[in-house]
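Inspection log for the structure reproduced underneath, given as structure tokens.
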Amino acid sequence: MKRVYIEELGRHVGEEVLLQGWLYNKRSSGKIRFLLLRDGTGVVQGVMMKGAVPEETFVKFDDLTQESSFALRGKVRKEDRAPGGFELEVSDVTVYAIAKEYPITPKDHGVEFLADRRHLWLRSSRQHAIMRVRHRIIKAIRDFFDDRGFTLIDSPVLTPAACEGTSTLFETEYFDLGKAYLTQSGQLYAEAGALAFGKVYCFGPTFRAEKSKTRRHLSEFWMVEPEVAFADLNDDMDLAEEFLEYIVQSVLKDRAPELKALERNISFLENVKRPLPRISYDEAVAILQSKGLPFEWGNDLGGTDETVISEQFDRPVMVHRYPSQVKAFYMKRDPNNPKVALAVDVLAPEGYGEIIGGSQREDDLDVLLERIREHNLPQEAFEWYLDLRRYGTVPHAGFGLGVERTVAWICGLDHVRETIPFPRMIYRLTP
RNA sequence: UCCGCGAUAGCUCAAUGGUAGAGCAUGCGGCUGUUAACCGCAGGGUUGUAGGUUCGAGUCCUACUCGCGGAGCCA
């Protein structure tokens with residue numbers, strides 16, 4: 001008998017098949033019994049009628065508890081009354097393991113309870129939908145760059161010093177070489193890659209030890225960072241908007257059932273097409289002040305400010321040319337206005353905040369040396385980075401996209417903790 | 001680090017300072033098309049910890065612990 005998955009049942013109508021999985025739920029009406037089997041690709045109900053199957057098969061229903069592992073054999077039937085449109089006319093039941101009392105019942109649970117059981121929570125349909133969207137987003141990210149001639153140059157996780165010298169890092173002992181830090185960004189290494197390969201991206205986990213406690217922060221999160229040689233800020237923004245359009249349209253095309261299961265209103269997502277609006281920081285400040293917010297030129301945008309600005313647009317908005325004082329040392333200043341950096345942040349709609357941060361990089365050796373001194377960074381730690389300016393420096397630019405914020409936005413979640421299989425937060429290291 | 005909110009059955013939550021309850025889950029019974037099925041019965045409690053006020057505290061007060069949200073910081 002052929003072993004099949006639930007998602008392919010439509011191709012096996014009328015056939016006898018074998019399905020293997022776990023008990024999602026069961027219902028009985030006396031002489032007719034329904035077993036809901038979950039196999040990771042979907043849920044289907046098996047139907048048994050008393051008298052139509054041997055009594056020893058019929059009573060196996062009584063033993064099965066939620067999440068017990070078992071197999072069903074039977075004939076696939078199109079059935080409009082069944083969830084999913086198909087059901088299995090059960091001829092045999094094989095029990096593999098009876099589950100102990102399963103803690104996650106089909107009723108409501110609190111966030112803390114579920115987070116403590118994240119390893120089980122992943123079995124639920126909502127988490128299933130989120131992880132399948134996450135997977136599709138990551139595939140879109142890789143396809144996008146792979147199809148455009150980018151080379152994957154991953155950056156190290158263990159680094160000798162802070163990349164940007166600003167945020168708090170996780171620290172560890174590294175043999176006899178002193179302290180090492182978990183990376184907060186692969187960008188500096190991606191720059192080396194860009195000057196070696198022209199177009200590169202790195203994609204991996206990054207770490208921040210800030211004691212942030214908000215719905216937008218994790219201690220460990222994934223970031224993809226493309227870097228392109230012979231590119232300026234406009235090229236960078238062109239790439240970012242094409243990239244976002246590709247990601248969102250890929251998810252809309254291939255994960256519509258999952259978005260529906262998440263009850264996501266997709267109208268904002270359907271709008272994500274080029275061109276995306278581009279406004280300068282100065283224009284953003286004008287918007288904030290026109291809304292009566294007490295915002296002064298020179299400050300960085302806070303969470304509320306980002307929400308107010310993004311509400312003015314029906315799709316992600318790019319804010320460029322921030323005051324250089326609030327941006328990292330490696331960002332090139334605008335030759336037309338040295339007070340601002342050639343930086344861009346992309347703000348997602350609906351208050352999801354910054355999902356992309358990027359810039360054109362400082363490519364002049366002397367200027368970069370001055371920035372390192374201004375930021376009180378140890379020059380010796382950056383000598384290799386300065387070499388990139390000593391040996392054939394060129395204008396180059398790149399950006400980083402935070403995967404979890406992107407998943408939260410596309411899925412319409414209210415917290416990034418559901419966007420990654422095992423979230424790491426300030427007060428949570430397990431499971 | 002600061003501000004706010006919270007902690008009662010395995011879970012989600014009720015309970016005017018006066019006998020701690022319901023739904024789900026679990027066990028038993030019933031039901032020939034269920035859709036988080038439904039109906040009946042049963043078991044299940046040191047009300048986060050420590051102290052205080054009171055004739056009497058789940059409820060009021062103090063401290064602490066843990067969690068959640070926000071601010072700051074950051075992406």
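In this text, all values refer to a predicted model and were calculated from it rather than measured experimentally. Each chain gets a letter, A, B and so on, in the order its sequence line appears, and its residues count up from 1.
- Separation of the C1' atoms belonging to A20(B) and A15(B) is 7 Å when rounded to the nearest angstrom.
- Within the 4.0 angstrom heavy-atom criterion, no nucleotide atom of any strand lies near R126(A).
- Within 4.0 Å (heavy atoms only), G357(A) reaches no atom of the nucleic acid at all.
- For the P atoms, the distance from A42(B) to G23(B) is 12 Å, rounded to whole Å.
- Nucleotides C66(B) and G56(B) have their P atoms positioned 32 Å apart, rounded to a whole Å.
- Side-chain contact, E225(A) with S185(A): a donor N or O sits under 3.5 Å from an acceptor N or O.
- Atom C1' of C2(B) sits at a distance of 39 Å from the matching atom of G21(B), rounded to the whole Å.
- As a whole-Å value, the separation of K211(A) NZ from G67(B) C1' is 16 Å.
- When the side-chain nitrogen and oxygen atoms of R81(A) are compared with OP1 and OP2 of G33(B), none of them lie within a distance under 4.0 Å.
- Distances shown here put a side-chain N or O of R417(A) below 4.0 Å from the OP1 or OP2 atom of G69(B).
- Here G30(B) presents its P atom at 10 Å from CG of D62(A), a figure rounded to the nearest Å.
- Residues in residues 93-118 of chain A take part in these ring-ring contact (aromatic ring centres under 6.0 Å, His included) pairs, two or more places apart or across chains: H109(A)-F113(A).
- Only the P atoms considered, U59(B) is 16 Å distant from U54(B), to the nearest whole Å.
- A close approach under 4.0 Å does occur between a side-chain nitrogen or oxygen of H415(A) and OP1 or OP2 of G69(B).
- The base of C31(B) sits within donor-acceptor range of the side chain of S28(A), with an N or O pair under 3.5 Å.
- Residue R33(A) is out of contact with every strand shown, counting any heavy-atom pair closer than 4.0 Å.
- Using the six-membered ring where Trp is involved, F243(A) and F144(A) have ring planes that are tilted, between 30° and 60° apart.
- Using a 4.0 Å heavy-atom cutoff across all strands shown, E87(A) reaches at least one base atom of the nucleic acid.
- Rounded to whole Å, the separation between the P atoms of U8(B) and A50(B) comes to 16 Å.
- If you take CZ of R215(A) and C1' of C68(B), they are 11 Å apart, rounded to a whole angstrom.
- Look at CD on E210(A): it is 7 Å from P on A75(B), rounded to the nearest Å.
- Within the 4.0 angstrom heavy-atom criterion, only backbone atoms of the sugar-phosphate kind lie near N25(A); the bases stay farther away.
- Residue contacts shown for Q66(A) are absent, as no nucleic acid heavy atom lies under 4.0 Å away.
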